[in-house]
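Excluded from the calculations below are hydrogen atoms, water molecules and symmetry mates; all remaining heavy atoms, backbone and side chain alike, are included.
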Amino acid sequence: MCFSLEMSQFMFVLGSITTIVAYKYINWRVAMLVGYFTIMQAIHVVGYLTINKCDNIYNQIASYTNYAHVCFQPLFLLIGFFGLMQFCGYADRGSVIRVKYALYISGVIGLFLLMRMFNFSLMDIHKSKLQTKKSSSCVWCGETCSFKGEKHINFSLPLMYPSYLSPSLFLHTFGMFVIPLFINKFTAFCTFILMITTYIPAYIHKIPGSEAGTIWCFTSIVQCIVIILLAIFWKK
């Protein structure tokens, strides 16, 4: 199955409607979660409209905003989880304290990941241009471009090379799929569902990690809807 401009447009519309419904019937935190991932659909639409046109300014903007969006996904996921905890009755004092600390940590994770867009000449933080482009350990590294992948849109940009002072994308995994496990049983269950539905498409299609990330962003609206439906079912 190949994804397309039309499918990204559909996900944008679906996400926009879901955001409005979440704001009206659940709370603003859940609406922020869905709205944030709806923005990614808009970024993908812009990327598709200028796909493979690496010298196009909008193509380059799509690449940078794509990565910047990824950086703060753990933060907005936890904001949404906080909203669902309140909606479902799982916002006890201990859980609220833990989720607030988790929000601070995920905010710091976002800033550290965002820092990689700026190539500081500090010690050996980044490698040579050739290493940055070719290294399998540096996801989305390369020339600035949104380009056609095997199944969906993909992108690259000259990110700072991971080192002792510069994080790899494992920080994103940690923020998305590890931190929420320690808030309460509700967030742990939601995280498990997200993890399974995130990795299955990548495993089925056997695609590179960089494109697997953009495919997950494409399916994130459906995942948000699933989590919201589970929350409604679990509501105390």
Side-chain angles (χ1 to χ4, degrees), residues 11 14-41 68-114 139 167-203 209 212-236:
M11 283 297 179
L14 179 63
S16 299
I17 294 172
T18 306
T19 300
I20 295 170
V21 172
Y23 182 80
K24 185 174 181 180
Y25 294 103
I26 304 179
N27 56 52
W28 64 269
R29 288 187 173 91
V30 178
M32 280 188 68
L33 167 62
V34 184
Y36 189 72
F37 282 98
T38 300
I39 290 172
M40 179 60 90
Q41 312 310 315
H69 188 282
V70 168
C71 295
F72 293 97
Q73 286 172 356
L75 174 62
F76 280 85
L77 177 69
L78 286 166
I79 290 173
F81 276 1
F82 193 3
L84 288 174
M85 285 164 52
Q86 293 174 318
F87 175 71
C88 295
Y90 286 95
D92 57 273
R93 184 174 180 274
S95 295
V96 170
I97 292 173
R98 287 189 291 272
V99 78
K100 286 183 177 180
Y101 277 114
L103 287 169
Y104 292 137
I105 294 171
S106 61
V108 172
I109 285 174
L111 291 175
F112 269 101
L113 289 174
L114 189 69
V139 180
S168 71
L169 276 175
F170 173 74
L171 263 189
H172 183 275
T173 301
F174 183 79
M176 291 289 295
F177 303 123
V178 178
I179 291 177
L181 295 176
F182 298 95
I183 297 173
N184 59 31
K185 63 181 181 181
F186 173 75
T187 58
F189 179 75
C190 291
T191 302
F192 178 75
I193 297 298
L194 284 178
M195 187 183 301
I196 295 298
T197 54
T198 295
Y199 283 100
I200 284 178
Y203 177 79
T214 58
I215 288 179
W216 168 71
C217 289
F218 172 84
T219 60
S220 60
I221 298 299
V222 175
Q223 289 178 307
C224 287
I225 293 173
V226 170
I227 294 301
I228 290 172
L229 292 175
L230 285 171
I232 292 172
F233 178 77
W234 272 24
K235 192 175 187 302
K236 289 185 178 179

>> side-chain contact (heavy atoms from CB on, under 4.5 Å), that's the test. Do Thr187 and Arg98 meet it? Break it down for me.
In response: CA-CA 11 Å; Thr187 58; Arg98 287 189 291 272; over 6 Å; no
Side-chain contact, heavy-atom cut-off 4.5 Å: [X] with [Y]?
X	Y	value
Gln41	Ser220	yes
Ile179	Ile109	yes
Ile183	Phe81	no
Phe37	Met11	no

Approximate separation, where rounding is to 0.5 Å, of [X] [atom1] and [Y] [atom2]:
X	Y	atom1	atom2	result
Leu181	Cys190	CG	SG	11.0 Å
Leu84	Leu230	CG	CG	9.5 Å
Leu114	Phe112	CG	CZ	12.0 Å
Met176	Leu78	CE	CG	8.5 Å

> Do Phe72 and Leu111 pass the side-chain contact (heavy atoms from CB on, under 4.5 Å) test, and can you show the C-alpha distance, the side-chain angles, and the key distance before you say yes or no?
Replying inline: CA-CA 8 Å; Phe72 293 97; Leu111 291 175; 4.1 Å; yes
>> Among residues at least two apart in sequence or on other chains, which ones pass ring-ring contact (aromatic ring centres under 6.0 Å, His included) with Tyr23?
In response: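 Result, ring-ring contact (aromatic ring centres under 6.0 Å, His included) vs Tyr23: none returned.
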>> Once ring-ring contact (aromatic ring centres under 6.0 Å, His included) is applied, do any residues pair with Tyr36, and if so which ones, sequence neighbours excluded?
In response: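 Listed in chain order: His69, Phe76.
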Taking side chain to side chain donor-acceptor pair (under 3.5 Å) as the test, write out the residues that go with [X], two or more places apart.
X	result
Gln86	Arg29
Asn27	none
Ser106	none

What is the minimum heavy-atom distance between [X] and [Y], and which atoms define it?
X	Y	result
Gly175	Pro74	C-CB, 3.7 Å
Ala231	Cys88	O-SG, 3.1 Å
Gly80	Leu33	CA-CB, 3.7 Å

> Can you check side-chain contact (heavy atoms from CB on, under 4.5 Å) on Phe82 and Leu103, steps first, answer last?
Replying inline: CA-CA 9 Å; Phe82 193 3; Leu103 287 169; 4.2 Å; yes
Side-chain donor-acceptor distances from residues 221-228 under 3.5 Å, at least two apart:
unit_1 : atom_1 : unit_2 : atom_2 : d
Gln223 : OE1    : Trp216 : NE1    : 2.7
Gln223 : NE2    : Leu194 : O      : 3.4
Gln223 : NE2    : Thr197 : OG1    : 2.6
Gln223 : NE2    : Thr198 : OG1    : 3.1

>> Can you tell me how the ring of Tyr101 sits relative to the ring of Tyr104, calling it parallel under 30°, perpendicular over 60° and tilted otherwise?
In response: perpendicular
>> One pair to check against side-chain contact (heavy atoms from CB on, under 4.5 Å): Phe182 and Val178. What are the steps and the verdict?
In response: CA-CA 8 Å; Phe182 298 95; Val178 178; 4.0 Å; yes
